[in-house]
Participant: 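I have a structure here, written as structure tokens, and I will follow up with some questions on it.
Atoms within a ligand are numbered from 1 in the order they appear, just like the ligands themselves.
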Amino acid sequence: MVRAAVAGIGGRMGSRIAQLIRETDGIQLVGGFEHPQHPQRGKDIAQIIGGDATGMTVSGSIEDVLPLADVVIDFTTAAVSLAHLKSAVSAKKAMVIGSTGFSADQLEQAKELARTTPCVLTPNMSMGVNILFKLVSDAARLLGKDFDVEIIEAHHRFKKDAPSGTAVKLAQIVAQSLNRNLDEVGVYARHGIIGERTEQEIGIQTLRGGDIVGEHTVLFAGLGERIELTHRAHSRDNFARGAIHAAQWVINQPPGLYDMQQVLGIS
Ligand SMILES: NC(=O)C1=CN([C@@H]2O[C@H](COP(=O)(O)OP(=O)(O)OC[C@H]3O[C@@H](n4cnc5c(N)ncnc54)[C@H](OP(=O)(O)O)[C@@H]3O)[C@@H](O)[C@H]2O)C=CC1
Ligand SMILES: O=C(O)C1=N[C@H](C(=O)O)C[C@H](O)C1
């Protein structure tokens, strides 16, 4: 039985993950925590996930749950997840991180920390998006320079980072497939008299509104035809189930930083 604790258990993802852990065989919820000022701190976890009292209270620190858990699942923010990874490394516990918005420097730090503990870090845990990553890589390589690439992502009004971690990953995949440097060719917004589109640029456009769960389109536009590859999440359940699957997988891996394609065996 895998013993899992959930960081940010009061959040949109944390609460759904905790609920689904309780419905999944082979994994057990042993704790959940929030930041110390969170209004649910000290309350029974059932107040967040529903059902009968669990006897577990929402704690205010990762340090409280690490002794109980084999793995911590963390959907908070990049900076918070990195701090939690440091604690997990000290306690020799595995981690699954879904937070997005990591800078290159933060990613490097995560890679360094994961030298001593297994950690899955990925901007999107759904099967569909990870298949999309492969399709986009193939399409970019096959279509080549005659097709302009634009990535469009749409999310709910509460999302804090932009572009989405998934859109950034898609842009990195396109740049790599076309032998381009994303730092040089990424175009994140357009306004005013901007002149004609350059052949090399990769556009990444962000939409925010309402309760949109998460949508990503990669548009390959040529002269006379275009291809659009789109993934739409209907709910957060695919991300949550992916995170639970990753938690069950990662505890059996040697130290290192893994992505979801490795978890799914499709890399
Ligand atoms: N990889 C994937 O498949 C997916 C990734 N994500 C990413 O996951 C992250 C979270 O998304 P979402 O659930 O919508 O966001 P929420 O804001 O709903 O949840 C984050 C939770 O973490 C809490 N938190 C903040 N600081 C700490 C801390 N120091 N310790 C413990 N908990 C803390 C927040 O509390 P408070 O609200 O008080 O700040 C909040 O309850 C985002 O980066 C998002 O992009 C989302 C969906 C899928
Ligand atoms: O914040 C979200 O909600 C989501 N974030 C992830 C991202 O930034 O890519 C994944 C998903 O689309 C939902």
Side-chain angles (χ1 to χ4, degrees), residues 5-20 31-41 43 45 48-49 58-66 72-88 95-103 106 119-130 132-133 151-172 204 206-217 230-247 258-261 263-264:
V6 176
I9 193 167
R12 281 174 288 277
M13 282 303 302
S15 55
R16 192 63 187 135
I17 290 165
Q19 283 170 344
L20 289 177
F33 63 100
E34 269 289 342
H35 56 81
Q37 292 76 35
H38 196 274
Q40 305 273 18
R41 185 183 173 194
K43 307 255 170 74
I45 284 176
I48 291 173
I49 66 174
V58 177
S59 113
S61 163
I62 190 172
E63 310 301 338
D64 297 336
V65 300
L66 278 172
V72 176
I73 304 178
D74 189 319
F75 286 65
T76 55
T77 67
V80 167
S81 295
L82 200 53
H84 289 160
L85 181 56
K86 284 181 189 150
S87 299
M95 269 197 87
V96 171
I97 299 176
S99 307
T100 53
F102 279 80
S103 66
Q106 286 174 321
C119 175
V120 174
L121 194 164
T122 173
N124 202 303
M125 306 226 176
S126 88
M127 167 71 97
V129 161
N130 283 278
L132 179 69
F133 289 157
I151 296 162
I152 305 114
E153 62 100 332
H155 283 85
H156 50 96
R157 66 168 68 143
F158 308 104
K159 185 162 174 62
K160 298 190 180 84
D161 56 314
S164 70
T166 307
V168 172
K169 175 79 177 167
L170 286 164
Q172 288 166 344
I204 301 127
T206 296
L207 281 66
R208 290 286 177 269
D211 59 359
I212 301 169
V213 174
E215 303 192 358
H216 294 90
T217 293
T230 296
H231 177 273
R232 292 193 180 93
H234 299 179
S235 77
R236 293 187 170 80
D237 285 10
N238 285 305
F239 310 134
R241 290 210 169 86
I244 293 168
H245 179 54
Y258 299 95
D259 64 21
M260 201 61 193
Q261 296 200 343
V263 175
L264 295 171

Participant: Residue-level breakdown please: for Thr122 versus ligand 1, do any non-hydrogen atoms fall below 4.0 Å on the side chain, on the backbone, on both, or on neither?
Facilitator: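 Backbone only.
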Participant: To which protein heavy atom is atom 13 (C) of ligand 2 closest, and what is the distance rounded to 0.1 Å?
Facilitator: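 Residue, atom and distance for the closest contact: His155 NE2, 3.5 Å.
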Participant: Enumerate the atoms of ligand 1 whose separation from the nearest heavy atom of Gly10 is less than 4.0 angstrom.
Facilitator: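 Counting atoms of ligand 1 from 1, those under 4.0 Å from Gly10 are 41 (O).
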Participant: Under 4.0 Å, heavy atoms only, figure out whether ligand 1 is touched by the backbone of Pro123, its side chain, both or neither.
Facilitator: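 Just the backbone.
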Participant: Return yes or no for this condition: an N or O of Ala7 is under 3.5 Å from an N or O of ligand 1.
Facilitator: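 Among all N and O atoms of Ala7, none is under 3.5 Å from an N or O of ligand 1.
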Participant: Among all protein heavy atoms, pick the one closest to atom 7 (C) of ligand 2 and tell me residue, atom and distance.
Facilitator: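 Closest protein heavy atom to atom 7 (C) of ligand 2: Gly165 N, 3.4 Å.
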Participant: At under 4.0 Å between heavy atoms, is it the side chain or the backbone of His84 that contacts ligand 1, or both, or neither?
Facilitator: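 It is the side chain that touches ligand 1; the backbone stays farther off.
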Participant: Identify, for atom 1 (O) of ligand 2, the protein heavy atom at the shortest distance, and state residue, atom and that distance.
Facilitator: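 Going atom by atom, the protein heavy atom closest to atom 1 (O) of ligand 2 ends up being Lys159 NZ, 2.9 Å.
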Participant: Please identify which atoms of ligand 1 are closer than 4.0 Å to at least one heavy atom of Met13.
Facilitator: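 Checking each atom against Met13, I get 13 (O), 46 (C), 47 (C).
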Participant: Should the pair Arg208-Glu153 be classified as a salt bridge under the 4.0 Å nitrogen-to-oxygen rule?
Facilitator: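 Yes.
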Participant: Does Arg41 come within less than 4.0 Å of Glu34, counting only side-chain N to carboxylate O?
Facilitator: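 Looking at Arg41 and Glu34, the cut-off is not met.
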Participant: Is the closest protein non-hydrogen atom to atom 30 (N) of ligand 1 under 4.0 Å?
Facilitator: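 Flag for atom 30 (N) of ligand 1 set to true, protein heavy atom closer than 4.0 Å.
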Participant: Show me the pairs that pass salt bridge (Lys or Arg N to Asp or Glu O under 4.0 Å) and involve residues 6-20, at least two apart or across chains.
Facilitator: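 Of all non-adjacent pairs touching residues 6-20, those that pass salt bridge (Lys or Arg N to Asp or Glu O under 4.0 Å) are Arg16-Asp237.
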Participant: Side chain, backbone, both or neither: which applies to Val80 and ligand 1 if a contact is any heavy-atom pair less than 4.0 Å apart?
Facilitator: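 Within the 4.0 Å criterion, Val80 contacts ligand 1 through side-chain atoms alone.
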Participant: May I ask you to identify, for His38, whether its side chain, its backbone, both or neither come under 4.0 Å of ligand 1 on a heavy-atom basis?
Facilitator: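 For His38, the contact with ligand 1 is made by the side chain alone.
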Participant: Looking at atom 10 (C) of ligand 2, what's its closest protein heavy atom, distance included?
Facilitator: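 It is Pro123 O, 3.4 Å.
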